[in-house]
> 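Below is one structure. I have some questions about it.
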Amino acid sequence: AGLDGSRGAAVMLLFSENPVVALPVADEQKFRATMTKLAQQRLGAPVVMDKKAGPITVTGFLRKEGEKPRLAYVLSQGFALIVDEHGLGDVPALAALPESDSLQEDRDYLAPLGEAKKRENDVIVWLPSGSPALALSPIVNLFMTATLTPAGLEIDAVGKWKDDGERFAA
(Lines give C-alpha, C1' and ligand atoms only; values in the text may rest on other atoms or scores of the structure.)
Protein backbone atom coordinates (compact mmCIF):
# COMPACT_ATOMS: atom_id res chain seq x y z
CA ALA A 1 0.00 0.00 0.00
CA GLY A 2 3.04 2.27 0.25
CA LEU A 3 2.45 3.20 3.92
CA ASP A 4 5.07 3.36 6.66
CA GLY A 5 3.65 1.25 9.49
CA SER A 6 6.35 2.35 11.93
CA ARG A 7 5.03 5.93 12.07
CA GLY A 8 1.74 7.29 13.33
CA ALA A 9 -1.29 8.45 11.36
CA ALA A 10 -3.67 11.29 12.17
CA VAL A 11 -7.13 12.64 11.45
CA MET A 12 -7.56 16.41 11.71
CA LEU A 13 -10.76 18.41 11.76
CA LEU A 14 -9.99 21.93 10.61
CA PHE A 15 -11.78 25.14 11.55
CA SER A 16 -13.45 24.81 8.15
CA GLU A 17 -14.87 21.52 9.50
CA ASN A 18 -13.26 19.54 6.69
CA PRO A 19 -11.51 16.37 7.87
CA VAL A 20 -7.95 15.70 6.76
CA VAL A 21 -6.30 12.30 7.13
CA ALA A 22 -2.50 12.29 7.43
CA LEU A 23 -0.85 8.96 6.61
CA PRO A 24 2.89 8.25 6.71
CA VAL A 25 4.12 7.27 3.24
CA ALA A 26 7.13 5.03 2.63
CA ASP A 27 6.69 4.41 -1.11
CA GLU A 28 5.01 7.18 -3.12
CA GLN A 29 4.40 5.04 -6.23
CA LYS A 30 2.75 2.22 -4.27
CA PHE A 31 0.69 4.75 -2.32
CA ARG A 32 -0.51 6.38 -5.55
CA ALA A 33 -1.44 2.97 -6.98
CA THR A 34 -3.38 2.11 -3.81
CA MET A 35 -5.23 5.43 -3.79
CA THR A 36 -6.04 5.07 -7.50
CA LYS A 37 -7.46 1.60 -6.95
CA LEU A 38 -9.52 2.71 -3.93
CA ALA A 39 -10.88 5.76 -5.77
CA GLN A 40 -11.89 3.62 -8.75
CA GLN A 41 -13.45 0.78 -6.76
CA ARG A 42 -15.06 2.69 -3.88
CA LEU A 43 -15.87 6.11 -5.35
CA GLY A 44 -16.30 5.32 -9.01
CA ALA A 45 -13.58 7.90 -9.74
CA PRO A 46 -11.22 6.38 -12.33
CA VAL A 47 -9.75 9.65 -13.65
CA VAL A 48 -6.49 10.72 -11.99
CA MET A 49 -5.49 14.38 -12.23
CA ASP A 50 -2.32 16.07 -10.99
CA LYS A 51 -2.60 19.83 -10.49
CA LYS A 52 0.21 22.14 -9.40
CA ALA A 53 -0.54 24.67 -6.64
CA GLY A 54 2.77 26.53 -6.42
CA PRO A 55 5.41 23.97 -5.36
CA ILE A 56 2.69 21.54 -4.22
CA THR A 57 1.12 18.88 -6.45
CA VAL A 58 -2.48 17.94 -5.64
CA THR A 59 -3.46 14.50 -6.94
CA GLY A 60 -7.21 14.25 -7.44
CA PHE A 61 -9.57 11.44 -8.39
CA LEU A 62 -12.56 12.32 -10.58
CA ARG A 63 -15.54 10.43 -11.94
CA LYS A 64 -15.13 12.23 -15.31
CA GLU A 65 -12.86 14.83 -16.87
CA GLY A 66 -13.90 18.36 -15.92
CA GLU A 67 -15.61 17.40 -12.67
CA LYS A 68 -14.43 18.33 -9.19
CA PRO A 69 -12.26 15.61 -7.59
CA ARG A 70 -14.10 13.29 -5.19
CA LEU A 71 -10.89 12.57 -3.29
CA ALA A 72 -7.47 14.23 -3.34
CA TYR A 73 -4.11 14.07 -1.61
CA VAL A 74 -0.86 15.98 -1.34
CA LEU A 75 2.49 14.51 -0.34
CA SER A 76 4.35 16.66 2.15
CA GLN A 77 7.21 15.95 4.55
CA GLY A 78 6.74 12.17 4.27
CA PHE A 79 2.97 12.24 4.78
CA ALA A 80 -0.02 12.11 2.49
CA LEU A 81 -2.68 14.66 3.43
CA ILE A 82 -5.96 13.21 2.16
CA VAL A 83 -9.23 15.13 1.77
CA ASP A 84 -12.61 14.66 0.17
CA GLU A 85 -14.14 17.09 -2.29
CA HIS A 86 -14.97 19.56 0.49
CA GLY A 87 -11.39 19.88 1.74
CA LEU A 88 -9.72 20.64 -1.58
CA GLY A 89 -9.19 24.29 -0.68
CA ASP A 90 -7.46 23.41 2.61
CA VAL A 91 -4.89 20.86 1.56
CA PRO A 92 -2.35 22.97 -0.43
CA ALA A 93 -2.01 25.45 2.44
CA LEU A 94 -1.61 22.63 4.96
CA ALA A 95 1.07 20.97 2.86
CA ALA A 96 2.96 24.27 2.59
CA LEU A 97 3.06 24.91 6.36
CA PRO A 98 6.62 25.33 7.59
CA GLU A 99 7.82 23.15 10.46
CA SER A 100 7.78 26.22 12.73
CA ASP A 101 3.96 26.29 12.42
CA SER A 102 3.56 22.58 13.08
CA LEU A 103 2.81 20.75 16.30
CA GLN A 104 6.57 20.20 16.65
CA GLU A 105 6.79 23.74 18.05
CA ASP A 106 3.59 23.77 20.16
CA ARG A 107 4.61 23.55 23.85
CA ASP A 108 1.00 23.07 24.99
CA TYR A 109 0.89 19.94 22.82
CA LEU A 110 4.42 18.65 23.40
CA ALA A 111 4.31 18.60 27.22
CA PRO A 112 1.37 16.15 27.53
CA LEU A 113 2.61 14.22 24.49
CA GLY A 114 5.86 13.53 26.34
CA GLU A 115 3.88 12.01 29.20
CA ALA A 116 1.64 10.08 26.80
CA LYS A 117 4.66 8.49 25.10
CA LYS A 118 5.55 6.79 28.39
CA ARG A 119 2.57 4.45 28.00
CA GLU A 120 0.71 2.76 25.18
CA ASN A 121 -2.17 4.75 23.67
CA ASP A 122 -4.61 3.76 20.96
CA VAL A 123 -5.85 7.29 20.26
CA ILE A 124 -4.52 10.77 20.96
CA VAL A 125 -6.82 13.78 20.60
CA TRP A 126 -5.54 17.37 20.55
CA LEU A 127 -7.90 20.34 20.61
CA PRO A 128 -5.72 23.47 20.39
CA SER A 129 -6.54 26.95 21.63
CA GLY A 130 -9.25 28.47 19.45
CA SER A 131 -10.82 25.11 18.61
CA PRO A 132 -14.58 25.53 17.97
CA ALA A 133 -15.12 22.35 19.98
CA LEU A 134 -13.96 24.22 23.08
CA ALA A 135 -15.77 27.52 22.48
CA LEU A 136 -18.37 26.97 25.21
CA SER A 137 -16.13 24.99 27.58
CA PRO A 138 -14.18 26.32 30.57
CA ILE A 139 -10.87 25.15 29.06
CA VAL A 140 -8.51 26.71 26.54
CA ASN A 141 -7.03 23.52 25.06
CA LEU A 142 -7.37 19.78 25.60
CA PHE A 143 -5.02 16.82 25.16
CA MET A 144 -6.68 13.40 25.55
CA THR A 145 -5.53 9.82 25.21
CA ALA A 146 -7.67 6.71 25.00
CA THR A 147 -6.54 3.13 25.39
CA LEU A 148 -8.56 -0.05 25.21
CA THR A 149 -7.28 -2.58 27.75
CA PRO A 150 -8.62 -5.90 29.05
CA ALA A 151 -9.95 -3.93 32.06
CA GLY A 152 -11.86 -1.47 29.85
CA LEU A 153 -11.45 1.91 28.18
CA GLU A 154 -8.96 4.24 29.85
CA ILE A 155 -9.22 7.96 29.07
CA ASP A 156 -6.78 10.59 30.29
CA ALA A 157 -7.36 14.31 29.68
CA VAL A 158 -5.17 17.35 30.34
CA GLY A 159 -6.23 20.92 29.61
CA LYS A 160 -5.68 24.54 30.56
CA TRP A 161 -8.48 26.43 32.34
CA LYS A 162 -9.68 29.73 30.89
CA ASP A 163 -9.59 31.11 34.43
CA ASP A 164 -8.20 29.82 37.72
CA GLY A 165 -10.73 26.96 37.80
CA GLU A 166 -12.07 28.14 41.17
CA ARG A 167 -15.69 27.73 40.06
CA PHE A 168 -15.13 23.96 40.06
CA ALA A 169 -13.58 23.78 43.53
CA ALA A 170 -15.49 21.72 46.10
> Where is the tightest heavy-atom contact between Val47 and Lys64, given as atom of each residue plus distance?
CG2-CA, 4.1 Å
> Could you go step by step and tell me if Thr145 and Val123 meet the side chain to side chain contact (heavy atoms under 4.5 Å, CB included) rule?
CA-CA 6 Å; Thr145 60; Val123 176; over 6 Å; no
> Can you classify the ring geometry of Phe31 versus Tyr73 as parallel (below 30°), tilted (30 to 60°) or perpendicular (above 60°)?
perpendicular
> Charged N to carboxylate O under 4.0 angstrom, Arg70 versus Asp84?
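Answer for the salt bridge query: no.
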> Find the distance between CD (Glu67) and CD (Glu85) and round it off to the nearest 0.5 Å.
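The CD atom of Glu85 is 9.5 Å from CD of Glu67, to the nearest 0.5 Å.
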> I'd like to know whether Met35 forms a side chain to side chain contact (heavy atoms under 4.5 Å, CB included) with Ile82, so could you lay out the CA-CA distance, the side-chain angles of the two residues, the decisive distance to 0.1 Å, and finally the verdict.
CA-CA 10 Å; Met35 290 295 291; Ile82 306 166; 3.9 Å; yes
> What are the two closest heavy atoms between Arg63 and Leu43, and how far apart are they?
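Heavy-atom minimum between the residues: NE-O, 3.1 Å.
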> Determine whether Val140 and Leu110 fall in the same hydrophobic cluster, where Ile, Leu, Val, Met, Phe, Trp and Tyr are linked whenever their side-chain heavy atoms lie under 4.5 Å apart.
no
> Please check if any side-chain donor atom of Thr59 sits under 3.5 Å from a side-chain acceptor atom of Asp50, or the reverse.
yes
> Which atoms form the tightest heavy-atom contact between Gly60 and Pro69, and what is the distance?
CA-CB, 4.0 Å
> Atom NZ of residue position Lys160 - does it have more than 12 heavy atoms of other residues, nucleotides or ligands inside 6.0 Å?
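12 or below, so no.
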> Using the rule side-chain contact (heavy atoms from CB on, under 4.5 Å), only one of Leu127, Ile124, Asp156 pairs with Phe143; which is it?
Ile124
> Testing the basics here: between Val74 and Ile56, what is the closest heavy-atom pair and its distance to 0.1 Å?
CG1-CG2, 3.2 Å
> Look at atom NZ of Lys52 and say whether more than 12 heavy atoms of other residues, nucleotides or ligands are closer to it than 6.0 Å.
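Yes, enclosed.
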> What is the minimum heavy-atom distance between Asn141 and Pro128, and which atoms define it?
CB-C, 4.0 Å
> Search all heavy atoms of Ala157 against all heavy atoms of Met144 and return the closest pair with its distance.
CB-CG, 3.6 Å
